[in-house]
Amino acid sequence: MNAHLLFIPSHYFYPFVNDALKRLNLNCRTTVVPYNTFSHIPEIYRQHQDQCDAVLISGTSAKRILEFSIPMLIGNIAQQLYNTADSII
């Protein structure tokens, strides 16, 4: 049984991903579905989740995740500073 990989690139990376997959000649089935917006990724995933063994996402999603996590990281640092100051006092 061959693995089935789902690639979800941005429209910008779509031709590069297709070209790379053709050159790699992988011993598995691959599906490449470009996303329009970041919020479109979960919809694509839900449509293909039962048919695929693995999902790879490329594009600006990593940037979006970092943008989302930075405020939480700053909040955690502030909380640690508060706890340190509270324990000293």
Side-chain angles (χ1 to χ4, degrees):
M1 180 177 175
N2 282 343
H4 187 185
L5 306 177
L6 173 64
F7 292 85
I8 308 176
S10 64
H11 277 287
Y12 175 77
F13 286 116
Y14 179 74
F16 301 110
V17 170
N18 268 337
D19 185 47
L21 290 173
K22 287 176 187 172
R23 284 188 277 137
L24 287 172
N25 196 19
L26 299 173
N27 189 19
C28 63
R29 294 181 310 155
T30 59
T31 303
V32 182
V33 181
Y35 65 86
N36 298 321
T37 62
F38 186 67
S39 59
H40 187 220
I41 293 172
E43 178 185 332
I44 294 171
Y45 174 76
R46 278 192 291 281
Q47 290 173 352
H48 297 275
Q49 70 182 357
D50 296 333
Q51 306 151 8
C52 297
D53 299 310
V55 178
L56 291 96
I57 301 172
S58 69
T60 59
S61 48
K63 179 183 174 189
R64 298 282 185 174
I65 292 168
L66 285 175
E67 287 174 352
F68 176 77
S69 65
I70 287 175
M72 291 190 302
L73 180 63
I74 292 171
N76 286 339
I77 291 170
Q79 183 67 43
Q80 289 298 322
L81 289 173
Y82 173 81
N83 289 341
T84 302
D86 189 44
S87 66
I88 291 173
I89 298 173

His40 side-chain N/O to Tyr35 backbone N/O, donor-acceptor pair under 3.5 Å: no
Where Ala3 and Asp53 come nearest, the two heavy atoms and their spacing: CA-OD2, 3.2 Å
Over all atoms of both residues, closest heavy-atom pair of Leu6 and Cys52: CB-SG, 3.5 Å
Evaluation steps, side-chain hydrogen bond (donor to acceptor under 3.5 Å, both in side chains), between Asn83 and Gln79: CA-CA 6 Å; Asn83 289 341; Gln79 183 67 43; 3.2 Å; yes
Exercise: identify the closest heavy-atom pair between Gln51 and Arg29: O-NH2, 4.1 Å
Spacing of Leu21 atom CG and Leu5 atom CG [to the nearest 0.5 Å]: 8.5 Å
Same apolar cluster: Leu24 and Phe7, side chain cutoff 4.5 Å: yes
Minimum heavy-atom distance between Pro34 and Ile44, given as atom pair plus value: O-CD1, 3.6 Å
Closest contact, heavy atoms only, Thr31 versus His4: OG1-NE2, 2.6 Å
Distance in Å, Arg23 CZ paired with Asp19 CG, rounded so as to fall on 0.5 Å steps: 4.0 Å
Neighbour count >12 (heavy atoms, 6.0 Å) for atom CG, Asp86: yes
Listed partners of Tyr45 passing ring-ring contact (aromatic ring centres under 6.0 Å, His included), at least two apart: none
Given Val17, Ile41, Val32, the one that forms side chain to side chain contact (heavy atoms under 4.5 Å, CB included) with Ile8: Ile41
